[in-house]
Amino acid sequence: VNDSEIIIIGANGQLGTALHQKYPGATAVDSDMLDITDGEAVAAFDWSSKKVILNAAAYTNVDGAETDAGRTLAWKVNATGVRNLAAAAIEHDLILLHVSSDYVFDGTQKAHTETEALSPLGVYGQTKAAGDLSASLAPKHYILRSTWIIGEGKNFVRTMLSLADRGISPTVVADQIGRLTFTGELVRVVEHLLGTKAPFGVYNATNDGPVNSWAEITRKIFAAANHPELTVTDTTTAEYFASKPGVSPRPLNSEMDLAKLHQTGFESRNWEDDLKAYIAKELA
Ligand SMILES: NC(=O)c1ccc[n+]([C@@H]2O[C@H](COP(=O)([O-])OP(=O)(O)OC[C@H]3O[C@@H](n4cnc5c(N)ncnc54)[C@H](OP(=O)(O)O)[C@@H]3O)[C@@H](O)[C@H]2O)c1
């Protein structure tokens with residue numbers, strides 16, 4: 001596909017920004033230009049020159065989704081919005097590439113596969129699961145299940161670098177495990193699936209590398225940022241959230257099985273390598 005046949009939805013988010021850098025000639029829209037919750041606006045949009053929708057838009061405030069206002073908005077964007085895009089994809093015979101999350105699972109299975117039954121714990125995960133079901137109705141769909149995305153925007157690595165800057169040694173949960181996923185890696189997956197015309201369907205799409213806890217990842221962030229003086233104290237999710245009523249439950253195991261993606265010929269990068277490069281750039 002040519003860039004001009006691609007539309008990037010949610011182009012100013014972490015992933016949207018990276019996709020736009022990869023496909024500079026694509027149409028890039030934010031919620032001001034195309035609000036995906038507005039079914040009439042999505043239906044009336046001029047899709048005539050498009051072949052591919054890259055949907056990077058979402059309501060991503062996991063704890064916000066547990067509030068009354070947040071719950072409604074999360075459902076609107078993550079479920080109704082995806083439904084509207086799926087309807088356009090069906091009507092205009094477009095490829096719909098949608099991004100989903102480990103939060104559609106309860107995290108009790110080791111290494112989630114694409115065929116695991118949906119079992120979301122919190123509202124955000126429930127809305128993402130509904131979005132997956134909508135997206136899957138478009139005959140030409142790719143649903144990428146990702147985890148712990150790091151790019152241009154507010155994210156865990158930046159939060160920890162900011163603590164390091166201020167000389168703060170944090171307490172971090174040590175019983176939630178997974179892998180960081182850099183936006184550059186997700187863009188490589190998108191490019192690979194579209195470029196090789198891989199079979200449509202659901203694909204887990206995270207960086208490869210060791211499955212670590214947030215505490216272990218924080219130690220690696222501090223090492224890469226050259227802050228050996230800082231310590232990371234382990235805590236449990238239950239303890240950490242005990243003082244924060246109303247926060248969303250989170251899956252403890254976010255490891256995604258990458259075998260299906262690898263069977264298409266894709267070679268994943270290790271998140272530790274991408275972390276080092278990301279931190280070097282942040283500190284430059
Ligand atoms: N972040 C993670 O750790 C993580 C992990 C797994 C999966 N995911 C999934 O990966 C995808 C990308 O995440 P991200 O971290 O890049 O998200 P992000 O930085 O929060 O960006 C989301 C974008 O969606 C846009 N958006 C919100 N409501 C919209 C609406 N009604 N219409 C159009 N656009 C709207 C926002 O634009 P405005 O500012 O204009 O509203 C924002 O730019 C999402 O599907 C997310 O669920 C994320």
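Atoms within each ligand, like the ligands themselves, are counted from 1 in listed order.
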Q.
Could you check whether any heavy atom of Ala56 sits closer than 4.0 Å to an atom of ligand 1, since that is the contact criterion I want to use?
A. yes

If we number the atoms of ligand 1 from 1 as shown, the ones under 4.0 Å from a heavy atom of Asn12 are 43 (O)

> Is the shortest side-chain N to carboxylate O distance from Asp68 to Arg71 below 4.0 Å?
Replying inline: yes

*asked:* Please tell me whether Val202 and Leu96 are part of a single hydrophobic cluster in this structure, the criterion being side-chain heavy atoms less than 4.5 Å apart.
replied: no

Output for pair (Leu161 CG, Leu283 CG), nearest 0.5 Å, gives 6.0 Å

From the list Phe182, Tyr103, Phe156, Trp214, ring-ring contact (aromatic ring centres under 6.0 Å, His included) with Trp148 holds only for Trp214

In this structure, CG of Leu54 is separated from NE2 of His98 (nearest 0.5 Å) by 12.5 Å

Value for OG (Ser101) from CE (Met256), rounded to nearest 0.5 Å, stands at 7.5 Å

Below the 3.5 angstrom mark, is there an N/O of Tyr59, backbone or side chain, next to an N/O of ligand 1?
no

field: Non-hydrogen protein atom less than 4.0 angstrom from atom 11 (C) of ligand 1
entry: yes

Interatomic distance, NE2@His20 vs CG@Leu15, rounded to 0.5 Å, equals 13.0 Å

For atom 13 (O) of ligand 1, the closest protein heavy atom turns out to be Thr60 CG2, 4.1 Å

Per-atom filter on ligand 1: closer than 4.0 angstrom to a heavy atom of Thr37 are 31 (N)

Heavy atom of Ser100, distance to ligand 1 below 4.0 Å:
yes

Ligand 1 atoms nearer than 4.0 angstrom to some heavy atom of Asp35 are 30 (C), 31 (N), 32 (N)

If we only consider heavy atoms of Trp148, is any one of them less than 4.0 Å away from an atom in ligand 1? yes

Answer yes or no: does atom CZ of Arg83 have more than 12 heavy-atom neighbours from other residues, nucleotides or ligands under 6.0 Å? no

When distances are taken from atom 3 (O) of ligand 1, the protein heavy atom at minimum range is Ile149 N, 2.9 Å

Per salt bridge (Lys or Arg N to Asp or Glu O under 4.0 Å), Glu272 is matched among Arg179, Arg219, Lys220 by Lys220

CZ (Arg145) and OG (Ser254) are apart, to the nearest 0.5 Å, by 12.5 Å

Fit a plane to each ring of His227 and Phe222, take the angle between them on a 0 to 90° scale, and name the class: parallel (under 30°), tilted (30 to 60°) or perpendicular (over 60°).
perpendicular

among protein heavy atoms, the one nearest atom 21 (O) of ligand 1 is Gly13 CA, 3.2 Å

Check: Tyr124 ring centroid to Tyr59 ring centroid under 6.0 Å = no

### Query
Are any of the N or O atoms of Ile9 closer than 3.5 Å to those of ligand 1?
no

If you scan protein heavy atoms around atom 32 (N) of ligand 1, the nearest is Ile36 N, 3.1 Å

Would you say the rings of Phe266 and His192 are close, in the sense that their centroids are separated by under 6.0 Å?
yes

Just do the salt bridge (charged side-chain N to carboxylate O under 4.0 Å, His left out) check on Arg269 and Asp208 with the steps written out, would you? CA-CA 6 Å; Arg269 286 177 55 85; Asp208 209 343; over 6 Å; no

Quick note on ligand 1: atoms under 4.0 Å from a heavy atom of Ser101 include exactly 6 (C), 7 (C)

*asked:* Any nitrogen or oxygen of Asp30, side chain or backbone, less than 3.5 Å from one on ligand 1?
replied: no

With heavy atoms and a 4.0 Å threshold, my read on which part of Val77 contacts ligand 1 is side chain

heavy-atom search around atom 34 (N) of ligand 1 in the protein gives Ala57 CB, 3.4 Å

Counting heavy atoms under 4.0 Å, the part of Lys128 that contacts ligand 1 is side chain

(message) If you count every heavy atom of other residues, nucleotides or ligands that lies below 6.0 Å from Glu40 atom CD, does the total exceed 12?
(response) no

Does some non-hydrogen atom of Leu34 fall short of 4.0 Å from ligand 1?
yes

Note to self: Evaluate Ala58 for polar contact with ligand 1, using N/O atom pairs at a separation under 3.5 Å.
What the structure shows: yes

| request: Compute the shortest N/O to N/O distance between Asp102 and ligand 1 and return yes if it is under 3.5 Å, no if not. | output: no

shortest atom 9 (C) of ligand 1-to-protein heavy-atom contact is with Val99 CG1, 3.8 Å

query = Does Ser146 come within less than 4.0 angstrom of ligand 1, counting non-hydrogen atoms of the residue?
reply = yes

Is ligand 1 less than 4.0 angstrom away from at least one heavy atom of Tyr124? yes

Atom 14 (P) of ligand 1 sits nearest the protein heavy atom Gln14 CB, 4.0 Å

Test His141 against Phe200 for ring-ring contact (aromatic ring centres under 6.0 Å, His included), laying out the working first. CA-CA 5 Å; His141 70 267; Phe200 295 114; 7.3 Å; no

The closest protein heavy-atom partner of atom 39 (O) of ligand 1 is Ser31 OG, 4.6 Å

For Leu15, is at least one N or O under 3.5 Å away from an N or O on ligand 1? yes

